[in-house]
Amino acid sequence: CEEAARSADPRITNSEGATLYTQRSSFVYGNSHGFVGGYPTSRHSLSCAVIGQQDDDMQRDYWYDSNRLPDQLAAPEAIGQRAAERTVARLGGRKLGTRSCPVLFRADIAPSLLRSLFAAIRGHAVYRKSTFLLDQVGEQIFPDWVTVSEDPLKYRGQASAPFDNEGEATRFRELISRGVLQGYLLDSYAARKLGLQSTASAGGVRNAGIGTSGQSYESLLQEMDTGLIVTELMGQGTNLVTGDYSRGAAGFWVEGGEVQYPVEEITVAGNLRDMFHNLVAVGTDNDVPGSIDTGSWLIDNMTVAGA
């Protein structure tokens with residue numbers, strides 16, 4: 001990995017390291033209700049982080065792959081080269097003035113938006129009335145082309161499991177159908193507090209995904225025309241009670257559907273309710289490793305605060 005990264009571009013000056021992780025184990029769970037069950041599990045990953053320098057500007061970035069099967073991991077050379085490409089692309093970053101514009105959350109960043117959705121429909125947030133999606137089951141919260149689902153029994157899925165952390169049998173479920181919220185994520189305690197049934201969600205969502213609207217990454221750039229690509233998020237500026245969203249960010253400025261230059265030291269801000277409603281498209285570039293399946297998200301309008 002490291003050798004491939006250094007060979008890819010002379011501006012790669014150092015490495016923060018490459019890591020190979022491999023694990024095989026058995027998970028067994030039992031409880032006082034008489035349930036005992038178990039299943040084997042495995043996980044393998046390979047990652048590489050490198051540093052690039054151009055004049056006085058230094059940047060870092062990384063790439064990785066993970067899979068249930070070790071022989072399905074990407075080649076080390078490919079991971080190192082992609083880490084180098086991502087790092088070099090960030091060199092020469094500029095600042096932006098404050099503006100409102102479309103924002104494209106790249107596919108490796110977009111899972112964080114789905115995690116915000118899942119946190120907002122988690123049963124514990126609902127019964128405590130600490131979510132902006134309180135009493136929204138059956139309501140339109142996304143455009144009508146959007147479907148979000150979880151598939152805990154997906155073959156070789158990164159988060160597949162036959163039962164949740166309380167022994168409840170898992171199953172495929174649509175959380176958002178035609179933009180409408182179908183229900184909450186309930187473990188047994190939250191279900192009792194709300195007078196509902198468990199949705200086998202103890203331990204979280206498993207193998208979640210959002211359907212694509214059919215555009216490639218390049219088509220999303222053309223559709224955006226002028227705006228911001230977000231490639232990194234910093235901080236924890238998400239208020240699930242109000243939906244207010246404000247995160248430090250870095251990325252690229254786009255004009256005429258073409259990347260112009262990298263940008264840094266900016267903040268992207270909006271409200272999750274508006275961001276979900278104003279989702280324009282989800283790309284087909286859903287090839288990022290992990291248990292959340294999503295392409296890049298194009299959101300119609302957000303505030304970008306800069307220098």
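At least one cation-pi condition fails for Arg273 and Phe132: the charged atom is not both under 6.0 angstrom from the six-membered ring centre and inside a 45 degree cone around its axis.
With values rounded to the nearest 0.5 angstrom, Phe142 atom CZ is found 5.5 Å from Ile210 atom CD1.
Counting only heavy atoms from C-beta outward, the side chains of Asp274 and Tyr245 never approach each other to under 4.5 Å.
In terms of modelled atom types and a separation under 3.5 Å, the side chain of Ser130 and the main chain of Ala125 share a donor-acceptor contact. A distance-only check finds no donor-acceptor pair linking the side chain of Asp164 to the backbone of Gly203 [under 3.5 Å]. Remark: the backbone N or O of Thr87 is not paired with any side-chain donor or acceptor of Glu85 at under 3.5 angstrom. Remark: the backbone N or O of Ser42 is paired with a side-chain donor or acceptor of Arg68 at under 3.5 angstrom. No donor-acceptor pair under 3.5 Å is formed between the side chain of Gln197 and the backbone N or O of Thr199. Listed for the Asn286 side chain is no donor-acceptor partner under 3.5 Å among the backbone atoms of Ala107. The main-chain N or O of Ala202 is never found under 3.5 Å from a side-chain atom of Asp187 such that the two would form a donor-acceptor pair.
No option in Gln54, Glu264, Glu232 other than Glu232 meets the side chain to side chain donor-acceptor pair (under 3.5 Å) test with Arg90.
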Evaluate the criterion salt bridge (charged side-chain N to carboxylate O under 4.0 Å, His left out) for residue pair Arg86 and Asp108; output intermediate values, then yes/no. CA-CA 12 Å; Arg86 286 163 56 100; Asp108 54 328; 3.1 Å; yes
Given side-chain contact (heavy atoms from CB on, under 4.5 Å), test Val88 with Ile12 step by step and report yes or no. CA-CA 7 Å; Val88 168; Ile12 300 299; 3.8 Å; yes
